[in-house]
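Everything quoted here is computed from the prediction, not taken from an experiment. In what follows, every chain begins at residue 1, and chains take the letters A, B, ... in the order their sequences are listed.
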There are 2 protein chains.
Amino acid sequence: METALRERRRVQTAREIHVAAMELCQELGLEAVTTEAISSRAGISLRTFFNYFPNKEAAIVNRPPEFPREAVRVFTEGGGTLLEDMRGLLIAQFIQIDANRKLGRLFQALLRDNPGLQSAHEASMRGLIAELKAILATRLDPDTDHLADILAVVVVCAIKKGLESWILDEDRSLSESIDEILADLKQLGLVLR
Amino acid sequence: METALRERRRVQTAREIHVAAMELCQELGLEAVTTEAISSRAGISLRTFFNYFPNKEAAIVNRPPEFPREAVRVFTEGGGTLLEDMRGLLIAQFIQIDANRKLGRLFQALLRDNPGLQSAHEASMRGLIAELKAILATRLDPDTDHLADILAVVVVCAIKKGLESWILDEDRSLSESIDEILADLKQLGLVLR
DNA sequence: GCACGAAAATGCATAGTGTGCAATATTTGC
DNA sequence: GCAAATATTGCACACTATGCATTTTCGTGC
């Protein structure tokens, strides 16, 4: 267990920086936040901040949670249609966000109020898109597998939309939002015919 | 015509900065390029550089050409299916790029070789997506108009893919690439059913 | 032509960013 | 406890980006 503990500590530190960054952004607005202030609140040196994140935007945005391995396995082996099986994948993903609903809500608010976060957000989404692309590729026929990346973009875009409406609305249930996303995708299929 | 001349001059200066930035990026790689060097090569002061662009990435990426007004009008009034009429829109857009094919090719190469340009590129694409969203909204039924933004994302993503393969391949014709884009979109419609 | 005013370019000062490097501190396996 | 690996930190430094005051340029009306 050499790495396991250190790894956990690193994750913990990254999280503390992330939370400090988000709080400061909420209090002062993105422009007024400095890496210095973030480091100070997180209880680390400025230099250490840059060991964890390349800039303040990245610290605020952090990374979206990965798709859970188990859900990915079920999806790749899944027996339903693509969209049906996607439902399980999305639920597994959303559950992780739901677990930190408070931070999630805060982040969505920051994103809405600070346009300067968009680029960093999209950068972090690229990772998710790449992941999803690989997952989708396992389910696509040889004649449609070149669509994997564009399909991944579509789904992640839909997820973003779903998150926006879900996380800002207290009364919205998880499955409600997901079914809305899937309905949108199905409808998109019709429009593109 | 007080502004017209000045406006043209501004556009010209912006273009000179843009070209200088691209050349330097090609010669030295993104990391080694400084705003100072760009300004110097463009024959302006560093301070003036920041009157035109917020950072070096933006100068290299510049902005994609807008959809030509006339083509937009034809599209919104168009009598064919969505995808059929989109063809005209894409052709009008690609023609503008074709007019500066050399710079376009250079830019695609820079984008491929310098991952640090991705964020700035996507930022510039957001403008195009917003534009396209508004255009598409004019053609969508009330029951599908909430799909305008996701549809715009899909199309722009397809355009990006088309550009990548088109602009890097000497022998590829404009309409060939566009038809490939449209075929992809149609196929995507099937996959999403 | 010429003077006026708007727009653009510039110089300067300054706060903030991000990285390399070397020194120090901490943790881990033994 | 000790040695190796890993993490944190301080420092120096080059670069980024902006506000502000000044100068330059240029189109306009006389």
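Among the nucleotides C:dT10, D:dA17, C:dG16, the one closest to the side chain of B:F50 is D:dA17.
Taking the charged nitrogens against the carboxylate oxygens, A:E170 and A:R105 do have a contact shorter than 4.0 Å, which makes a salt bridge. Looking at B:R73 and B:E70, a side-chain N of the basic residue comes within less than 4.0 Å of a carboxylate O on the acidic one, giving a salt bridge.
In this structure a side-chain-to-backbone donor-acceptor pair under 3.5 Å is missing from B:Q187 to A:L147. Using a distance-only test at 3.5 Å, with no hydrogens or angles considered, no donor-acceptor pair links the side chain of B:S40 to the main chain of B:E36. Side chain of A:R139 to main chain of A:F75: a donor-acceptor pair is present (N/O by atom type, distance under 3.5 Å, no hydrogens or angles). A donor-acceptor distance shorter than 3.5 angstrom exists from the side chain of A:E84 to the backbone of A:T81, with no hydrogens or angles considered. Looking at B:E131, its side chain does come within 3.5 Å of a backbone N or O of B:F67 through a donor-acceptor pair. No donor-acceptor pair closer than 3.5 Å links the side chain of B:D98 to the backbone N or O of B:F94. Counting only distance, with no hydrogens or angles, the side chain of B:S165 and the backbone of B:G162 share a donor-acceptor pair below 3.5 Å.
Between A:L151 and the choices A:T144, A:L82, A:I129, A:L132, the side chain to side chain contact (heavy atoms under 4.5 Å, CB included) rule is met once, by A:L82. The one candidate from B:I167, B:L103, B:D113 that meets the side chain to side chain contact (heavy atoms under 4.5 Å, CB included) condition with B:Q108 is B:I167.
As judged by a 4.0 angstrom heavy-atom cut-off over every strand, B:F53 is placed among residues making no nucleic acid contact. Using a 4.0 Å heavy-atom cutoff across all strands shown, A:N55 reaches sugar-phosphate atoms only and no base atom.
Direction change of the helix axis from one end of the helix from C:dG1-D:dC30 to C:dC30-D:dG1 to the other is 30°, with five pairs defining each end axis (rounded to 10°).
Judged by closest nucleotide on DNA chain D, A:R10 is the one of A:R47 and A:R10 placed further toward the 5' end. When each of B:P54 and A:I44 is assigned the nucleotide of DNA chain D bearing its nearest heavy atom, the one mapping closer to the 5' terminus is A:I44.
B:V154 is linked by a side-chain contact (heavy atoms from CB on, under 4.5 Å) to A:I150, A:V154, A:L188, B:L185, B:L188, counting only residues two or more places apart in sequence or in another chain. Taking the side-chain contact (heavy atoms from CB on, under 4.5 Å) definition, one finds that A:A59 meets it with A:I17, A:A21, A:F49, A:F53, sequence neighbours left out.
Contacts between residues 13-29 of chain B and DNA chain D, defined by a heavy-atom separation below 4.0 Å, involve no residue at all. Shown for residues 35-43 of chain A: no residue has heavy atoms falling under 4.0 angstrom of DNA chain D.
The nearest whole Å value for the distance from the CD1 atom in B:I60 to the P atom in D:dT16 is 11 Å. Note: CZ (B:R8) to P (C:dA8) measures 15 Å, nearest angstrom. Rounding to whole angstrom units, CG of residue A:N51 and C1' of C:dA25 are separated by 14 Å. For the pair B:L30 CG and D:dC15 P, the interatomic distance rounds to 14 Å; values are reported in whole Å. One can place CZ of A:F49 at 18 Å from P of D:dA7, the figure rounded to the nearest angstrom. Between the CD atom of B:E31 and the P atom of C:dG20 there is a distance of 10 Å, given to the nearest Å. One interatomic measurement links the two molecules: CD of B:E57 to C1' of D:dA17, which rounds to 13 Å at whole-angstrom precision. Between the NZ atom of B:K56 and the P atom of C:dG18 there is a distance of 11 Å, given to the nearest Å.
Contact annotation: B:S45 reaches the phosphate of C:dT10 (side-chain N/O to OP1 or OP2, under 4.0 Å). In this structure, A:Y52 reaches the D:dT8 phosphate: one of its side-chain N or O atoms is under 4.0 Å from OP1 or OP2.
Figure legend: A:R15 and A:Y52 shown without cation-pi pairing, the cationic atom not lying both under 6.0 angstrom from the six-membered ring centre and within 45 degrees of its axis.
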Worksheet item: How would nucleotides 21-26 of chain D be written as a contact map, 5' to 3', with B for base contact, S for sugar-phosphate-only contact and - for no contact, using protein heavy atoms under 4.0 Å?
Response: ----BB

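You'll find the side chain of A:I60 reaches within 4.5 Å of the side chain of A:L30, heavy atoms only.
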